[in-house]
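Values below: all heavy atoms of this structure, side chains included; hydrogens, waters and symmetry mates excluded.
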Protein chains: 2
Amino acid sequence: MLEAKLQEAGLLKKLLDAIKELVTDANFDCNEEGINLQAMDNSHVALVVVKMESTGFKKYRCDRPMPLGVNLASLTKVLKCAKDDDTCTLKAGDGLDSLNLVYEAKNSDRIAEYDMKLMDIDAEQLGIPDTDYDARITLPAAEFTRIVKDLSLLGESVRIEVNKEGIRFVSDGEAANGSVLLKPTDGKVKIGDDDEEEEEEKEDEEDEDEDSAKAKKKAKKQKKVKKESNDDVEMNGDEENGNEEFTAKSDDEGEDEKEDDEEESEGSSKKRKKASSSKSKKPAKKAKTKKDDDEYSGGVDIAMNQHVTLTFSLKYLVNFSKSSSLSDSVQLMMSNDVPLLVSYSFESGYIRYYLAPKIGDD
Amino acid sequence: MLEAKLQEAGLLKKLLDAIKELVTDANFDCNEEGINLQAMDNSHVALVVVKMESTGFKKYRCDRPMPLGVNLASLTKVLKCAKDDDTCTLKAGDGLDSLNLVYEAKNSDRIAEYDMKLMDIDAEQLGIPDTDYDARITLPAAEFTRIVKDLSLLGESVRIEVNKEGIRFVSDGEAANGSVLLKPTDGKVKIGDDDEEEEEEKEDEEDEDEDSAKAKKKAKKQKKVKKESNDDVEMNGDEENGNEEFTAKSDDEGEDEKEDDEEESEGSSKKRKKASSSKSKKPAKKAKTKKDDDEYSGGVDIAMNQHVTLTFSLKYLVNFSKSSSLSDSVQLMMSNDVPLLVSYSFESGYIRYYLAPKIGDD
DNA sequence: TCCGTAGACG
DNA sequence: CGTCTACGGA
């Protein structure tokens with residue numbers, strides 16, 4: 001039995017607008033902590049993760065975990081029937097195959113109720129390791145949107161380079177080449193939270209600096225429960241080198257939590273600046289980036305351990321940038337040869353996208 | 001080597017918006033005086049002329065004349081990547097086949113750089129004689145846009161009549177006929193700067209009043225260097241009657257200058273009002289119409305030597321009127337049986353269109 | 001910001 | 001083949 005009352009239906013509408021083009025069906029995994037959604041995009045190239053914490057709801061109750069298989073087009077239609085500032089109550093019974101949505105106008109003089117058919121979706125939950133990324137950038141969401149849209153006019157893909165100068169987006173096209181450089185607002189790129197600061201980075205697995213070594217340890221730890229799933233094949237160019245980003249995870253959720261705590265104490269002993277660390281240090285940890293918007297200044301913040309250069313499909317990035325309506329800022333997390341993480345945080349939740357880099361010159 | 005820094009990329013964007021539908025490829029002819037563009041529209045019916053004087057740039061340097069062959073669709077794309085208030089620096093090396101554009105945001109924390117491929121365009125520069133038009137009208141650009149758009153809903157072409165009453169736009173269509181009359185704001189049409197003021201005008205070449213005779217003299221003078229170009233054939237219905245409007249010109253620019261001086265002294269002895277003459281007397285002379293906007297009052301000003309009635313394709317006029325974003329006012333210059341000149345002036349430059357009148361009842 | 005056109009999906 | 005959605009232009 002789920003009953004979750006959202007103060008503003010608009011949030012859900014925005015979330016659906018953000019992902020409906022990428023994903024057609026997905027499970028809304030509800031448990032006592034909130035609602036999570038995880039889905040590969042239709043072409044299995046990108047991974048979308050949405051988290052809505054129970055604390056973000058006006059009322060929230062979920063007796064036992066239940067996955068609600070939703071056709072996103074249907075849900076979008078149903079949500080179109082809500083005004084942005086209506087409250088929205090989601091209800092699902094344990095044995096039932098439908099989701100009940102009730103919209104109440106602010107002044108309560110209007111109550112609309114919808115029942116949407118649910119479906120069975122056998123999508124396994126992937127385990128997403130809490131990677132420490134080598135480059136962590138916070139920038140205005142509108143700026144990111146602008147850049148990827150601009151560059152998508154010129155070419156198919158963008159090379160993103162993070163170095164001491166800042167972050168640079170480069171696209172080569174038929175008619176023209178483009179390059180956009182963003183410098184950090186305060187003028188300096190925060191460099192390194194480890195002892196290493198090499199000029200040119202690994203192209204492979206030789207990097208054994210502290211953070212990435214730890215990340216791999218984690219990945220390996222999770223690998224022990226990894227299943228032969230097809231869902232994450234595209235995300236992992238090198239399936240067998242211990243660098244898997246996504247692995248089907250066990251039901252034990254405690255593991256991630258423990259890892260986080262461990263990292264936190266470590267992180268605080270490093271030379272990261274407080275301002276930047278609170279914003280971008282722990283991207284994969286819930287409640288860390290919460291309320292970013294409230295404190296977001298509108299600037300560009302860049303922290304990096306080493307230079308990172310990765311190439312991505314602009315089509316996807318443009319798609320991701322639709323989430324701008326959910327947050328003023330966006331975080332980009334990158335390490336070489338690892339999927340990019342694009343994260344938009346909102347009050348008590350986030351929406352994240354993972355996109356594998358293009359390999360070679362395609 | 002060209003290096004030209006524009007304070008506002010918006011100017012270039014507006015220029016391209018104005019012409020990109022008319023012309024696909026064009027040379028940006030750069031020399032020490034500035035940048036000029038001249039191109040026939042795709043169907044070789046209209047001529048577009050753009051001038052950006054070097055003084056309009058924040059920085060300008062062009063060592064030697066260089067024609068930059070540009071695909072306007074490509075340039076439009078690249079310019080879409082600039083915000084209107086970004087500065088825009090154009091650079092082109094002498095031997096290189098690409099144009100470099102750098103956009104800097106106001107606060108300079110964002111630098112975007114684009115390289116656009118150039119192409120070879122063998123378009124000859126046409127010589128455009130400095131005609132003295134029989135009717136010179138200044139009106140609000142928005143008014144002109146409105147009129148041609150309105151009338152284009154009714155018919156294909158518009159008959160423009162200038163007489164003592166004012167300027168009248170008439171269109172006959174299947175469903176309805178339309179007629180819009182604009183009277184001069186100050187109530188009077190400035191009439192004639194010669195001794196003649198006949199009621200009904202020439203349909204041919206019998207008019208030998210002072211100004212038009214001189215204009216023809218000029219046309220003939222330039223004809224001596226006219227080449228057998230195809231570019232201007234469509235502009236000249238009557239190639240052999242000494243009334244050619246556009247001729248491939250020699251490299252000698254001095255000729256035009258001398259003519260202008262000559263006219264000026266003459267004009268000052270005529271009964272033209274100072275205000276109107278400074279605005280519309282010398283449309284084809286650079287720096288004469290500069291800063292029109294600064295002094296433009298928003299009214300309609302009409303000066304004429306004789307009645308003029310000409311018919312034009314509305315499709316083109318509607319297209320021309322896209323330049324409204326560049327200026328509050330537009331000048332229409334007309335003489336019978338001669339192409340209409342539509343001119344929008346902006347700070348240190350202008351964009352002009354020439355359109356041959358329709359002959360007969362087509 | 002709205003409308004029209006083009007592309008994708010059912 | 002028709003409908004719906006998304007993107008581009010006015």
Side-chain angles (χ1 to χ4, degrees), chain A residues 12-26 39-46 48 69-82 84 116-117 119 121 142 144-156 171 173-176 313-326 353, chain B residues 10 12-24 41-42 71-84 141-154 313-327 330 344 351 353:
Chain A
L12 211 45
K13 295 175 74 168
K14 286 177 195 160
L15 278 170
L16 262 103
D17 279 345
I19 65 176
K20 68 167 191 284
E21 202 177 333
L22 228 37
V23 179
T24 56
D25 304 298
M40 299 298 295
D41 85 293
N42 294 328
S43 41
H44 281 232
V45 172
V48 184
V70 170
N71 173 278
L72 299 191
S74 300
L75 182 53
T76 301
K77 277 186 190 166
V78 172
L79 284 172
K80 283 228 174 84
C81 304
D84 279 0
M116 191 188 58
K117 202 109 168 63
M119 58 200 294
I121 301 174
F144 180 64
T145 302
R146 182 72 206 265
I147 291 170
V148 295
K149 274 203 179 136
D150 282 355
L151 294 183
S152 71
L153 292 176
L154 306 180
E156 300 277 295
S171 178
E174 301 277 293
S313 154
L314 277 164
K315 178 175 143 242
Y316 282 93
L317 298 185
V318 168
N319 222 313
F320 299 167
S321 72
K322 286 190 182 151
S323 299
S324 305
S325 56
L326 286 157
Y353 303 90
Chain B
L12 210 47
K13 295 176 74 168
K14 287 176 195 161
L15 278 170
L16 262 104
D17 279 345
I19 66 176
K20 68 165 192 283
E21 204 174 330
L22 229 35
V23 180
T24 55
D41 84 293
N42 294 328
N71 173 278
L72 299 191
S74 298
L75 182 54
T76 301
K77 272 186 193 171
V78 172
L79 284 173
K80 282 227 176 87
C81 303
K83 292 180 67 182
D84 280 0
E143 186 77 69
F144 181 63
T145 302
R146 183 68 206 266
I147 291 169
V148 294
K149 270 200 182 144
D150 283 355
L151 295 183
S152 71
L153 295 177
L154 306 180
S313 155
L314 277 165
K315 177 174 144 244
Y316 283 93
L317 298 185
V318 168
N319 221 316
F320 300 167
S321 72
K322 283 185 184 157
S323 300
S324 307
S325 57
L326 286 158
S327 175
V330 57
Y344 295 85
I351 179 167
Y353 304 91

I need the [atom1]-[atom2] distance between [X] and [N], as an integer number of Å.
| X | N | atom1 | atom2 | value |
| --- | --- | --- | --- | --- |
| Lys20(A) | dG10(C) | NZ | P | 15 Å |
| Lys14(B) | dA10(D) | NZ | P | 17 Å |
| Leu72(A) | dG10(C) | CG | P | 13 Å |
| Lys80(B) | dG9(D) | NZ | C1' | 9 Å |
| Leu22(A) | dA8(C) | CG | P | 16 Å |
| Asn42(A) | dA6(D) | CG | P | 13 Å |
| Asp17(B) | dA10(D) | CG | C1' | 11 Å |
| Lys149(B) | dG9(D) | NZ | C1' | 11 Å |

When you compare the side chain of [Y] with that of [X], does any pair of heavy atoms fall below 4.5 Å?
| X | Y | result |
| --- | --- | --- |
| Lys149(B) | Leu153(B) | no |
| Leu154(A) | Val78(B) | yes |
| Leu15(B) | Ile19(B) | no |

**Asked** Reckon Lys77(A) touches a base, only the sugar-phosphate, or nothing at all at heavy-atom distances under 4.0 Å?
**Response**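 Since no nucleic acid heavy atom lies under 4.0 Å of Lys77(A), the category is nothing.
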
**Request:** Rounded to the nearest 0.5 Å, what's the gap from OH on Tyr316(B) to CG on Leu22(B)? Could you check?
**Result:** 7.0 Å

